[in-house]
Amino acid sequence: MKIKIIISLILFLNSCYTYSNTINIPEEDKVTNISSNLLIYEDSTSLLSINDILNKPFKKHKQIVPNLGVSNSTFWIQMTIKNLSKLKHFILELSLPSLDYIEFYFPDSTDKYSVIEAGENLPFISRKYQDPNYLFDINIPQHETKVFYLKIISTEGIQLPIKIGPQNAIFNQIKNRDILSGLYFGIMLVMIFYNLFVFLAVKDKSYIYYVVYIILILLTQTSLQGYPFQYLWPNYPIINQYSLFILPALVGIAGMAFMNVFLKVNFYNRSLFKLSFLFATLYLIPIILVFLRNFELSQKLLQINAGLVSLFMLGTSIYIIKKGYKPAKYFLIAWGIFLIGVIIFILKDFEILPFNNFTRYTMQIGSAIETVLLSFALANKINIIQAEKEELIMNQNVILEQKVDERTTELNKTLKNLKETQSQLVDAEKMSSLGQLTAGIAHEINNPINFVSSNIPPLKQDIDDLKTIIKKYEEINSSSNINEKLNEINTLKQELDYEFLKTELNTIINGIETGAKRTAEIVKGLKTFSRLDENDLTLANINEGIESTLTILKSTSFDVDLLLNLNPLPEIECFPGKLNQVFLNVINNAIQATKENTTRPGKGKVEVTTLSEAKTIKILISDNGYGMTEETKAKIFEPFFTTKKIGEGTGLGLSIVYRIIENHKGKIEVNSIINRGTTFTITLPIKQQNI
Ligand code: ADP
Ligand code: MG
């Protein structure tokens, strides 16, 4: 569709030229296109001078703008110009900056020719008019006709877009051209910086490839218009010799490199990726040829390779679109538009399409559109990457949530199991200490009961003796001899040692009393202690709890001095049975540590102190046992941590203690020095809140 329009446009432009040898400068102030009225002579020897060619047969041509192709010949152009306007001075503009060497011959009043040199091979500064195009002064008196000549030698393709007009009109056109070029330059520059910044921001290497690619396109396109020579290297004409050969090759290579990263060619098809390297290498041939000064062949190869590369890139992007990679669509559209421009430009070089303002600038327009579209494509790529990332994160979140769920149920199971095991273990620890205790208690009760029972036989004996004495007294009646009987009784008393009997009876009864009292005490202690499983919060006196605990502990045989330093305490809100277990466990540990401290010279000592404070009470349990190292200290509250032999310790005592105190919102602290002793400080609040 587009191509049709372009072709018909070109045909239309082709059909509207008329041919005449004499060029008229019209009356109005306007620029006249004179390309179609030129006469041309090709000097393939390149040896002829102005005088030699004056009589040569110049030929007409059939194009709007003559295209002489790439050639080693020297071309002579003859222009016969008749001045029909009121002015005398005009400007002739040859707008093909890439021409290497030009001589402009103009006649003076006696029709003798003078010459002005121009072309890319001369430093830019040598130009009278500082413009990329070649401008020459033309002076013709009114209504006269003069003949001018141009001699042209060039390694690049020679076309002859030539205009003539009053200086103002020519300069106006130049101004417009500069504005449009500036616009193009601006678009490209913005794209360069935009993509450079995007590269710095996202560090995706496609952008830097793209930046290089745009810079090369920009240099190539502006070189065609001659601006870099004017502004970048005005004193180095040599660069111009090569730039229009090397730059297009580099554009091709950079274009493929960009395509490779942008379309992930290597990922989608390795052979296409390798093929791009082959084309890149092929570009080296025209570059080498140019340095061997074979410009004609170089130009041809360059154009052929460019054509192949264009088709290759077109094919590759279609292939990758089919593979389902979305950014490839943008690439195809952008690249396609540029390609149309390039194809038109090349067709013009091959003289298939005429040289005109449209065919000349299609490449620029195409490249500007392409650059902008590709920037959009790159921006779209960011979106795609972003979307992919988000999807990835979403998926990961879902997976994570699932995992968390799984773990949570697992953990809950484990926790349940642990709780069961723990309560079993706590029961076990209770049982084990209960076992120890019952043995102790039996022993302890045995002592006072022994007191009682061992005193019973002497008591019986003493009572029997007393009974005998009392019987003698009973035998006294009115008939008997009182004095005789009293003597008998006194003898009996002496026999039975009545005085001793009285004291012994006292001793025995005291002994029995002590035994009975002690037993009662133990029973009371057991009662207090057995509040172990009480689950209601009650008011209790901790001193009593400690005493009952100690009563029970005393039953287990140990050889330790127990010091009690119990100060008056307020009753506190607590689970007394649970606290008794705390005291039992801690004091038991203290006794064990004291018993086994072999480094200490004196006797083992355990001291229990209670203190009352404003809102709390404190229980200090200290011993002069073996103490503990920092490492041990750090672990004592862990369940199953023990330093004791199997059977002696379960490692659960202090973990239970810790939990009970925690339940009471209390605190337990340890101070310990190895081989010197340990102090446990328990702090308990007087009032519990929200239990
Ligand atoms: P167990 O007594 O069964 O070993 P505990 O939890 O009661 O378990 O105590 C853990 C460890 O703490 C003991 O093995 C011991 O090493 C240390 N420990 C506890 N109390 C004392 C103390 N008063 N002196 C020295 N070490 C102690
Ligand atoms: Mg213990």
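Everything numeric in this text was worked out from a predicted model, so none of it was measured. Residues take their numbers from the sequence shown, with the count starting at 1. All ligand and atom numbering here is 1-based and tracks the order in the structure.
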Atoms of ligand 1 under 4.0 Å from any heavy atom of Tyr626, numbered from 1 in the order shown, are 25 (C), 26 (N)

Proximity of Phe273 and Phe277 rings by center, below 6.0 Å: yes

Ligand 1 to Thr642, heavy atom cutoff 4.0 Å, flagged ligand atoms 1 (P), 4 (O), 14 (O)

Charged tip of Lys578 within 45° of Phe575 ring normal and under 6.0 Å: yes

Ligand 1 contacted by Gly627 (non-hydrogen, < 4.0 Å)
yes

When Asn589, Asn671, Leu620, Leu654 are each screened for side chain to side chain contact (heavy atoms under 4.5 Å, CB included) with Phe680, the one that passes is Leu654

Are any of the N or O atoms of Asn589 closer than 3.5 Å to those of ligand 1?
yes

Residue pairs passing the side-chain hydrogen bond (donor to acceptor under 3.5 Å, both in side chains) test with at least one member in residues 676-687, sequence neighbours excluded, are Ser672-Thr678

Would you check if the side chain of Ser548 reaches a backbone N or O of Gly545 as a donor-acceptor pair within less than 3.5 Å?
-> yes

For Lys605, the side-chain hydrogen bond (donor to acceptor under 3.5 Å, both in side chains) test, sequence neighbours excluded, returns none

Worksheet item: Taking Glu573 for the side chain and Gln688 for the main chain, is one N or O donor matched with an acceptor at less than 3.5 Å?
Response: yes

Per-atom filter on ligand 1: closer than 4.0 angstrom to a heavy atom of Ala593 are 22 (C), 24 (N), 25 (C)

Heavy-atom proximity to atom 22 (C) of ligand 1 ranks first, among Leu654, Thr678, Thr679, for Thr678

**OP:** Run the contact test for Phe680 against ligand 1 with a 4.0 Å cut-off on heavy atoms, strictly below, and give the result.
**Re:** yes

Say whether Lys644, considering both its backbone and side-chain N or O atoms, lies within less than 3.5 Å of an N or O atom on ligand 1. yes

Looking only at distances, can you tell me whether any N or O atom of Asp623, backbone or side chain, sits closer than 3.5 Å to an N or O atom of ligand 1? yes

